[in-house]
There are 2 protein chains.
Amino acid sequence: MKIDPKSSADLSAQIAKSIRDAIVSGDLIVDERLPSESELADQFDVSRPTVREALKRLAAQNLIRTQRGATGGAFVRRLDYDEAQAQHVTTSRLLLSMNAVDFQTACEARFALERACAPLSAQRCTPDHLATMRAEIHRQTQPGLSDERFCDSDVAFHRALVDGADNPVLSYQLAGSVEAMQPLMNMITFTQRNRDSIVELHTRIADAIEARDAAAADTALTELTSYTLDLGDQAMQARAARKP
Amino acid sequence: MKIDPKSSADLSAQIAKSIRDAIVSGDLIVDERLPSESELADQFDVSRPTVREALKRLAAQNLIRTQRGATGGAFVRRLDYDEAQAQHVTTSRLLLSMNAVDFQTACEARFALERACAPLSAQRCTPDHLATMRAEIHRQTQPGLSDERFCDSDVAFHRALVDGADNPVLSYQLAGSVEAMQPLMNMITFTQRNRDSIVELHTRIADAIEARDAAAADTALTELTSYTLDLGDQAMQARAARKP
DNA sequence: TTGCATTAAATTGTCAGACATTTAAACTGC
DNA sequence: GCAGTTTAAATGTCTGACAATTTAATGCAA
């Protein structure tokens, strides 16, 4: 293994890329042990700190894990759904906040994706998922619930809906989208009337899913979309009025 | 700033988390300069190599960029759509390969999501996007096109469809899903008859989008979904027969 | 022979200090 | 005022060392 010496990039970045490529291409398989830091330093003809910086880059991407001790070292790590999803949520949130994505755009994207999995959820949803949805709806009716808790419950409801499609890849993609929007949703003030309307729509969605009625679920989701968009518009206008 | 000394985690991981939290929470804003490595070392009471390992972790997540020279340092980086998307694709691909996600699951997820944006695309698609779709369809009819190139073109076609929805958040989420599936699609051998069928379906989709007919687009996409699933099944069976 | 405590070895984690490289600003001479 | 030079600040890299952790080997006693 050798690194292009005339490349202007950091050595640690080049080394990280080299190892990452080996992992992505399947050249290094899950749980395989990488050479020790000293060996890597020799192979790449750099010092150990440089190798370590490269390994830390990979660790930050959850591509490897390290173990200390005699049989320790760096091992290729199996990326599981939860980790990937957490990464996805973090990245999506940063993307929304750093690029000042407006509420409409994010909301539209979220509900469009959610509608995509509603038919599948109507087909395959288990009693477990339905129970979760009902429980969250009930939580949303409780008096004295803070706006933030209401949003939490809203996310939990929609996660159950998505998970009901029984497709982990879909869940991974969608949960990222739904949870990434939470900070934006948290800017909304939910009046009692708002909550009543949302709870009613959630109930209709749950009923439709339970009845295996994809069309009804789609209709309710569409209404929820426009209702949420309206709420967002009002919140934005209120914000604009406060800070002219 | 100080770090929990009794935590068992790596110092560099703790420092990275501390800085990452500051960025995600908005405490550090885009293009803001972090203290120099020496200053950070003093603040966190660790050595400079340890700080550097932490910074490399953040750099690997595209959260910071570094500049050398007198006015250099580490700066909070604006995460743009392309970068986030590239990250998303990489993560998704690894997730699929490392967890041996089967073709059906990935395919179902992909087309479910794609159907979600077809109505929006039918509403807003520009002549530009349509032209791209037509061009890719034409490319798919060319004789002597390798299976891999055919897949490339397929991805490009669907990207144009997705981008036609004119919602960058949707594009970001979906492109991840579509492109992540490409390695799986590449395992399929496309016969001339297969290609003809796909091209016909693509044409129907493009026609529907051009006619602003969301329902027709949805129908064609549904057919394309089941057709692709069939192709996948055949490919899997062929594989199983070759390697019993 | 078996069981247990001790020791040794390998590996990552951390530190200190040094030098190289790059970049922009300050300075100097004209 | 301008061009070239110097200087200072910052990251990039290297060397060598030591600490902490974990496993394996070793040796001794029952």
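Convention: sequence-line order gives letters A, B, ...; per-chain numbering from 1.
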Under 3.5 Å, is there an N or O donor on one side and an acceptor on the other linking the side chain of A:Arg68 and the base of D:dT22? no

Would you state whether a donor and an acceptor, one from the side chain of A:Arg48 and one from the base of D:dG16, lie under 3.5 Å apart? no

What is the separation between atom [atom1] on [X] and atom [atom2] on [N], rounded to the nearest whole Å?
| X | N | atom1 | atom2 | value |
| --- | --- | --- | --- | --- |
| A:Glu37 | D:dT21 | CD | C1' | 14 Å |
| B:Glu53 | D:dG12 | CD | C1' | 14 Å |
| B:Leu55 | D:dT11 | CG | P | 8 Å |
| A:Asp10 | D:dT13 | CG | C1' | 10 Å |
| A:Ile15 | D:dG12 | CD1 | P | 14 Å |
| B:Arg57 | C:dG13 | CZ | C1' | 11 Å |
| B:Leu34 | D:dT11 | CG | P | 9 Å |
| B:Leu11 | D:dC18 | CG | C1' | 15 Å |

For the pair [X] and [Y], find out whether any cationic side-chain nitrogen is under 4.0 Å from an anionic carboxylate oxygen.
| X | Y | answer |
| --- | --- | --- |
| A:Arg65 | A:Glu83 | no |
| A:Asp154 | A:Arg110 | yes |
| A:Lys56 | A:Glu53 | no |

The answer to which of A:Pro49 and A:Gly72 contacts DNA chain C further toward the 5' end, by nearest nucleotide, is A:Gly72

DNA chain C nearest-nucleotide lookup for A:Lys56 and A:Ala70: closer to the 5′ end is A:Ala70

Taking only the side-chain nitrogens and oxygens of [X], find out if one of them lies under 4.0 Å from OP1 or OP2 of [N].
| X | N | value |
| --- | --- | --- |
| A:Ser47 | D:dC14 | yes |
| A:Thr50 | D:dC14 | yes |
| B:Ser36 | D:dA9 | no |
| B:Arg52 | D:dT11 | no |
| B:Thr71 | D:dA10 | no |

Would a distance-only check, ignoring hydrogens and angles, find a side-chain to backbone donor-acceptor pair under 3.5 Å from A:Ser92 to A:Ser177?
no

Using modelled atom types only, decide if a donor and an acceptor are shared between the side chain of B:Ser153 and the backbone of B:Arg149 within a distance under 3.5 Å. no

Under 4.0 Å, counting only non-hydrogen atoms across every strand here, what does B:Arg33 touch: a base, just sugar-phosphate, or nothing? sugar-phosphate

